[in-house]
Participant: 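First the structure, then my questions, so here it is.
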Amino acid sequence: DSTAAGVAPAQAPAPAPTPSASKPASSKPARSETQLAAANTQPVCTDCGTITGIEKKTQEGEGTGVGAVTGAVIGGVAGREIVKGDRDKRNIAGLVGAVAGGYAGHKIEEKARSSTYYLVSVRMEADERIETVKLESAEGWAVGDKVRIQDGKLVRR
């Protein structure tokens, strides 16, 4: 048997030094993990965010009085024309028609002067706060869109 007791097994030669191991140490200190992370980060966009909600709102219009006056005149004339009979009944019908027409005219004018707008909520990337932007139309915008808020307006990113 060739592996007799007392004979040491052959040992592998020590590895040769690598070129980097043989270079002298750099004069620059090694960077810490914090320094490396800071060097690899991009500046935070303070006006960037993501749309988190779109809410449709209606603003009631205000009457100027024109609708009420017009409605009262039309209602008064219509009331007098509808009722046949003596003068007192026609006058009462005209008065009721004028009141009802005035109210209806006022409401019609308010409705005609009302407006619709949209409140768009944007979660800002820099600090997670919610900013709200008022738009006349929400067409083309959806929850999840990446945006920037510039001068109070939404801009796609």
Side-chain angles (χ1 to χ4, degrees), residues 18-157:
T18 61
S20 62
S22 63
K23 287 184 180 178
S26 171
S27 61
K28 293 182 182 178
R31 289 181 154 186
S32 70
E33 287 183 35
T34 306
Q35 290 171 327
L36 288 173
N40 291 332
T41 59
Q42 297 176 352
V44 176
C45 176
T46 58
D47 60 356
C48 296
T50 303
I51 294 177
T52 58
I54 301 173
E55 187 177 358
K56 182 179 180 179
K57 296 283 193 173
T58 301
Q59 183 172 343
E60 292 281 328
E62 292 186 23
T64 62
V66 173
V69 170
T70 304
V73 170
I74 293 170
V77 170
R80 284 184 56 81
E81 292 298 317
I82 291 172
V83 174
K84 303 292 184 212
D86 67 24
R87 186 174 186 180
D88 288 340
K89 287 182 183 177
R90 289 175 56 130
N91 286 342
I92 291 172
L95 179 62
V96 170
V99 171
Y103 179 77
H106 176 70
K107 289 299 182 185
I108 290 169
E109 183 181 17
E110 281 183 340
K111 182 75 171 169
R113 292 178 172 270
S114 67
S115 62
T116 300
Y117 62 94
Y118 298 85
L119 294 178
V120 179
S121 301
V122 178
R123 180 175 304 279
M124 304 308 290
E125 291 176 4
D127 55 8
E128 298 293 314
R129 76 183 186 286
I130 299 292
E131 290 285 333
T132 303
V133 178
K134 183 178 178 181
L135 301 177
E136 289 182 22
S137 170
E139 188 173 328
W141 298 109
V143 171
D145 284 351
K146 302 287 187 191
V147 297
R148 292 182 89 146
I149 299 177
Q150 294 179 332
D151 298 324
K153 297 179 182 175
L154 293 182
V155 178
R156 290 197 191 284
R157 289 194 294 147

Participant: Using modelled atom types only, decide if a donor and an acceptor are shared between the side chain of Arg156 and the backbone of Val147 within a distance under 3.5 Å.
Facilitator: no
Participant: So which heavy atom on Ala138 is nearest to which on Ile54, and how close?
Facilitator: CB-CG2, 3.8 Å
Participant: Just how far is it from atom CZ of Arg87 to atom CZ of Arg80, taken to the nearest 0.5 Å?
Facilitator: 7.0 Å
Participant: To the closest 0.5 Å, what do you measure between CG (Leu154) and CG (Leu135)?
Facilitator: 5.0 Å
Participant: Hey, what do you get for CZ (Arg90) to CG (Asp86), rounding to the nearest 0.5 Å?
Facilitator: 10.0 Å
Participant: Do Thr50 and Asp145 touch side chain to side chain, with heavy atoms closer than 4.5 Å?
Facilitator: no
Participant: For a 4.5 angstrom cut-off between non-hydrogen side-chain atoms, does Glu131 reach Asp47?
Facilitator: no
Participant: Can you name the closest pair of heavy atoms from Ala93 and Val83 and give their distance?
Facilitator: CB-CG2, 3.1 Å
Participant: How would you list, by chain and number, every residue that makes a salt bridge (Lys or Arg N to Asp or Glu O under 4.0 Å) with Arg123, sequence neighbours excluded?
Facilitator: Glu128
Participant: If you count every heavy atom of other residues, nucleotides or ligands that lies below 6.0 Å from Tyr118 atom OH, does the total exceed 12?
Facilitator: yes
Participant: Does Trp141 reach the side chain of Val120, with side-chain heavy atoms less than 4.5 Å apart?
Facilitator: no
Participant: Could you state the interatomic distance from SG (Cys45) to CD (Glu125), rounded to the nearest 0.5 Å?
Facilitator: 6.0 Å
Participant: Do the side chains of Asp127 and Arg129 get close enough for a salt bridge, i.e. N-O under 4.0 angstrom?
Facilitator: yes
Participant: Once you round to the nearest 0.5 Å, how far does NZ of Lys111 lie from NE2 of His106?
Facilitator: 14.0 Å
Participant: Which residues pass the salt bridge (Lys or Arg N to Asp or Glu O under 4.0 Å) test with Asp88, not counting sequence neighbours?
Facilitator: none
Participant: Name every donor-acceptor pair, under 3.5 Å, that has one atom in a side chain of residues 58-73 and the other anywhere in the protein, sequence neighbours excluded.
Facilitator:
from, atom 1, to, atom 2, distance (Å)
Thr64, OG1, Val66, N, 3.4
Thr64, OG1, Glu109, OE2, 2.5
Thr70, OG1, Val66, O, 2.8

